[in-house]
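Lettering follows sequence order; numbering is per chain, from 1. The analysis underlying the following values was restricted to heavy atoms, covering all of them including side chains, and did not include hydrogens, waters or symmetry mates.
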Amino acid sequence: MELKICHMYPDVLNLYGDGGNIRCLTQRLAWRGIESSVTRLPIGEMALLAGFDLVFIGGGQDFEQQVLLEDLHRGKDKEIRAAVEDGLPFLTICGGYQMLGAYYETHDGQRCDFIGVLDLYTVGSPTRMIGNYKFQCGPESGGSLVVGFENHSGKTWLGSGVQPLGRVLAGFGNNGEDGTEGARYKNVFGTYSHGPLLPKNPALCDYILSTALRRKYGAVELTPLDDAAELAAHDEMCERVQ
Amino acid sequence: MNLRAVLAIILCKLLRRISRLLHRGGTAMPGRFALKLCPNLLELLARDVKTVAITGTNGKTTSARMIEEAFAREGKSYLTNRSGANLLSGITTEFVMNSTLFGKVDKEYAVIECDEAAARTVFGQLRPRVVVVTNLFRDQLDRYGEVTHTLENIREGLKRIPEARLCLNADCSLSSSLALDLPNPVAWFGIDAGAAASRGKPSLSDATHCIRCKTEYEYDYITYGHLGGFRCPRCGYSRHAADYAVTDVLELRGSGSRVVMSIHGEKQLVNVNLPAMYNIYNAVGAVAAVSEIGLGAQAAVEALASFHCGFGRMEQFELGKSGTRMMLVKNPAGCNQVIEFLQDITDRFVLVICLNDRGADGTDISWIWDADFEGLTRMAGRIEQIVVSGDRAGDMRVRIKYAGIADEHIRVERDYEKLVDWLAGQEKPIYIMPTYTAMLDLRQTIVHRCGGTDFWEG
């Protein structure tokens with residue numbers, strides 16, 4: 001078996017240790033004897049997403065956003081929309097997650113149109129939502145308890161066309177108001193939990209890997225791994241973040 | 001000097017005295033209260049002092065100590081914020097402690113390290129004659145925000161002192177851009193093409209796109225991170241030729257480096273008594289600063305050969321049978337440089353990584369996934385033991401595991417007393433990579449056990 005992973009915009013959406021998520025995905029496959037390849041898709045390069053089994057998009061700085069939008073509107077947006085509707089698994093974080101929504105509106109009213117494949121939108125707020133946080137994934141996302149770090153000023157609001165990824169137990173999540181965190185639509189997983197999201201949350205990582213493997217190979221049972229280190233870090237932070 | 005200022009000075013000195021009686025540092029708090037009473041106190045005190053200010057992401061403290069060493073060797077009277085209190089409050093405290101009750105500062109010069117976010121408020125009052133901006137890297141996003149935001153803070157500070165001479169890192173596209181719209185005279189420092197092996201395009205770069213027109217940079221060479229011979233193919237923004245240039249790195253040893261510097265065109269052999277590539281940048285920046293303040297480059301060159309930094313920056317301790325070196329890490333760029341330094345160690349060694357996530361470390365530890373800990377697997381044969389410690393030892397353990405080192409080879413030891421006990425029995429040399437607050441605590445435990453000088457005695 002092999003998973004072909006596409007790391008979209010690693011050149012600009014790489015703010016918070018996003019490489020850690022890619023490393024976690026590939027390493028947990030390798031430990032199980034499953035092959036994987038990672039194709040970096042930077043700004044300016046096109047590729048057919050249909051050839052991939054999993055797409056990862058991370059978070060970035062505002063500085064590069066304009067460059068990114070220009071690139072998206074040169075055709076990648078259509079490509080992403082088609083791939084999402086086709087059920088291709090995506091893991092998108094922070095800026096990458098917002099980008100799949102309809103638009104971003106700055107708090108002084110300027111509006112940026114995004115890809116619009118997820119029924120959600122984001123509005124900038126004057127205060128940043130920063131800190132360790134935790135949430136419980138919904139049953140359609142594996143149901144695991146996830147602990148992570150968020151740092152965003154955008155407040156994301158979900159429409160009826162998407163499910164939240166989980167319910168916030170401590171911290172802010174999508175907007176700090178309605179208790180939702182992230183979004184699920186078809187095989188898209190969107191979240192504000194950046195950087196080492198997957199390494200410390202092996203259950204979520206394996207759930208995403210299973211989703212991708214199942215789509216490609218049908219029913220797949222993942223061999224359990226020794227997650228003593230991962231779970232120790234996970235449990236310790238769950239304890240601390242209240 | 002008005003009455004408010006005199007009262008503020010008295011208050012500050014009094015609070016400092018009380019702090020010391022209570023065995024506290026009292027480095028920032030007295031100044032904070034004094035500033036409440038007299039908001040422009042620093043301006044009044046710093047007026048007649050010739051100040052070199054050092055700001056930027058990495059290398060502030062080391063650069064300041066290098067510059068200070070030159071002042072000391074030249075027998076100049078100077079003050080400096082050696083304690084690391086580098087915000088307005090700490091800098092004010094330092095000036096007050098060197099002032100009479102009527103605000104007369106008895107030092108001719110000052111060497112002041114200034115936090116990059118505080119530059120905005122500090123520079124206008126401090127009015128430094130020379131400002132060194134070491135570099136800009138992505139650092140503590142939870143505290144500073146984006147790196148361009150930090151750049152703005154420095155720019156705003158510099159706008160208030162248009163007459164100050166700037167020493168800018170020619171190889172850093174971010175901090176170099178300060179020269180684009182500021183009227184200040186600029187002296188450039190950097191490492192020239194061909195001085196050291198150039199790397200391929202780094203996987204980690206904090207500045208891939210042109211700060212002016214957002215086109216992707218091209219590079220003639222890269223020294224590390226985003227530093228090197230950058231050039232924007234669209235708008236032409238590019239590396240400025242360096243007035244203080246390292247033209248050849250002859251030797252990079254575990255104890256120090258030997259380089260050739262071209263100082264305004266004149267070549268000179270320079271020994272830097274501190275290892276690693278990033279300290280060569282600090283060294284050439286220090287030469288620029290000392291020269292620009294008017295002491296002459298020679299004073300700096302001599303200082304570099306004998307200088308000791310201490311306080312967790314490549315600091316050595318008599319701990320373990322073969323000694324210990326402590327190397328502060330704060331962000332991916334600096335961490336990669338330390339890992340690179342370890343690459344060149346030929347003996348087997350013990351490695352301790354100590355990760356905290358308190359305010360001064362940055363509460364977000366995501367950056368450990370940007371740093372190249374995979375580099376450790378390339379030296380796995382020479383690592384006797386890896387120990388992880390600190391508040392986030394658990395996360396560090398996971399990071400090392402995913403870098404490719406089997407979990408059973410990673411030892412977790414959170415208790416510093418026990419850790420130091422264990423280290424004391426080690427035969428091999430020990431290298432410790434702590435984050436800032438971990439360094440403070442662990443250093444204290446080590447100093448308590450095996451003596452060692454306090455950092456201000458260097």
**Q** Between B:Ser366, B:Gly404, B:Ala403, who has the most heavy-atom pairs with chain A when the cutoff is under 4.5 Å?
**A**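 Ranked by contacts with chain A, first place is B:Ser366.
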**Q** Tell me, for A:Asp18 versus chain B, whether the close heavy atoms (under 4.5 Å) come from the side chain, the backbone, both or neither.
**A**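 Only the backbone of A:Asp18 comes within 4.5 Å of chain B.
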**Q** With a 4.5 Å cut-off on heavy-atom pairs, point out which of B:Met396, B:His149, B:Glu374 contacts chain A the most.
**A**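 That would be B:Glu374.
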**Q** B:Val412 versus chain A, heavy atoms under 4.5 Å apart: side chain, backbone, both or neither?
**A**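 B:Val412 has no heavy atom closer than 4.5 Å to chain A.
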**Q** Using every non-hydrogen atom in the two residues, find where B:Arg397 and A:Ala229 come nearest and quote the distance to one decimal.
**A**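 Between these two residues, the closest heavy atoms are NE-CB, 3.3 Å.
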**Q** Once rounded to the nearest 0.5 Å, what's the spacing between atom CZ of B:Arg392 and atom CG of A:Asn132?
**A**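 Answer for the CZ-CG pair, B:Arg392 versus A:Asn132, is 5.5 Å.
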**Q** For chain A, which of B:Asp364, B:Asp407, B:Thr363 has the most heavy-atom pairs under 4.5 Å?
**A**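 Counting heavy-atom pairs under 4.5 Å, the top option is B:Asp364.
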**Q** What part of A:Phe149 lies closer than 4.5 angstrom to a heavy atom of chain B: side chain, backbone, both or neither?
**A**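 The side chain, not the backbone.
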**Q** Can A:Lys200 be said to sit on top of B:Trp369's aromatic six-ring, NZ or CZ under 6.0 Å from centre and within 45° of the ring axis?
**A**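 Ring-cation test returns no.
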**Q** Answer with side chain, backbone, both or neither: which region of A:Asn21 has an atom nearer than 4.5 Å to a non-hydrogen atom of chain B?
**A**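 For A:Asn21, there is no contact with chain B at all, as no heavy atom is under 4.5 Å.
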**Q** Nearest 0.5 Å please: distance from the NZ atom of B:Lys214 over to the CD1 atom of A:Ile43.
**A**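 So the NZ of B:Lys214 and the CD1 of A:Ile43 are separated by 10.5 Å.
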**Q** Determine whether more than 12 heavy atoms belonging to other residues, nucleotides or ligands lie under 6.0 Å from atom CD of A:Glu239.
**A**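 Check fails, neighbour count at 12 or below.
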**Q** Among A:Gln27, A:Arg23, A:Glu230, whose side-chain hydrogen bond (donor to acceptor under 3.5 Å, both in side chains) with B:Tyr402 holds?
**A**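 When A:Gln27, A:Arg23, A:Glu230 are each tested with B:Tyr402, the side-chain hydrogen bond (donor to acceptor under 3.5 Å, both in side chains) holds only for A:Glu230.
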**Q** Mind checking whether B:Asp395 and A:Met237 have side chains closer than 4.5 Å, heavy atoms only?
**A**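 They are in contact (side-chain heavy atoms under 4.5 Å apart), so the answer is yes.
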**Q** For B:Asp357, is there an ion pair with A:Arg240 - N to carboxylate O distance below 4.0 angstrom?
**A**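 B:Asp357 and A:Arg240: salt-bridged.
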**Q** Please identify, among B:Ile410, B:Ile368, B:Thr215, B:Val147, the residue contributing the most non-hydrogen atom pairs under 4.5 Å to chain A.
**A**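 Of B:Ile410, B:Ile368, B:Thr215, B:Val147, B:Val147 has the most heavy-atom pairs under 4.5 Å with chain A.
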**Q** Does atom CD (A:Gln110) have a neighbourhood of more than 12 heavy atoms from anything else shown, all under 6.0 Å?
**A**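 Open: at most 12 neighbouring heavy atoms sit under 6.0 Å from CD of A:Gln110.
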**Q** Show your reasoning for whether side-chain contact (heavy atoms from CB on, under 4.5 Å) applies to B:Glu216 and A:Val67.
**A** CA-CA 10 Å; B:Glu216 192 173 354; A:Val67 194; over 6 Å; no
**Q** Surrounding CD of B:Glu384 (heavy atoms of other residues, nucleotides or ligands, distance under 6.0 Å), is the total greater than 12?
**A**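 Correct, the count exceeds 12.
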**Q** Measure A:Arg128 against the heavy atoms of chain B and call it side chain, backbone, both or neither at under 4.5 Å.
**A**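 Looking at A:Arg128, nothing touches chain B.
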**Q** Please test B:Arg138 against A:Asn14 for side-chain contact (heavy atoms from CB on, under 4.5 Å), starting from the C-alpha separation and ending with a verdict.
**A** CA-CA 11 Å; B:Arg138 179 184 297 190; A:Asn14 62 355; 3.4 Å; yes
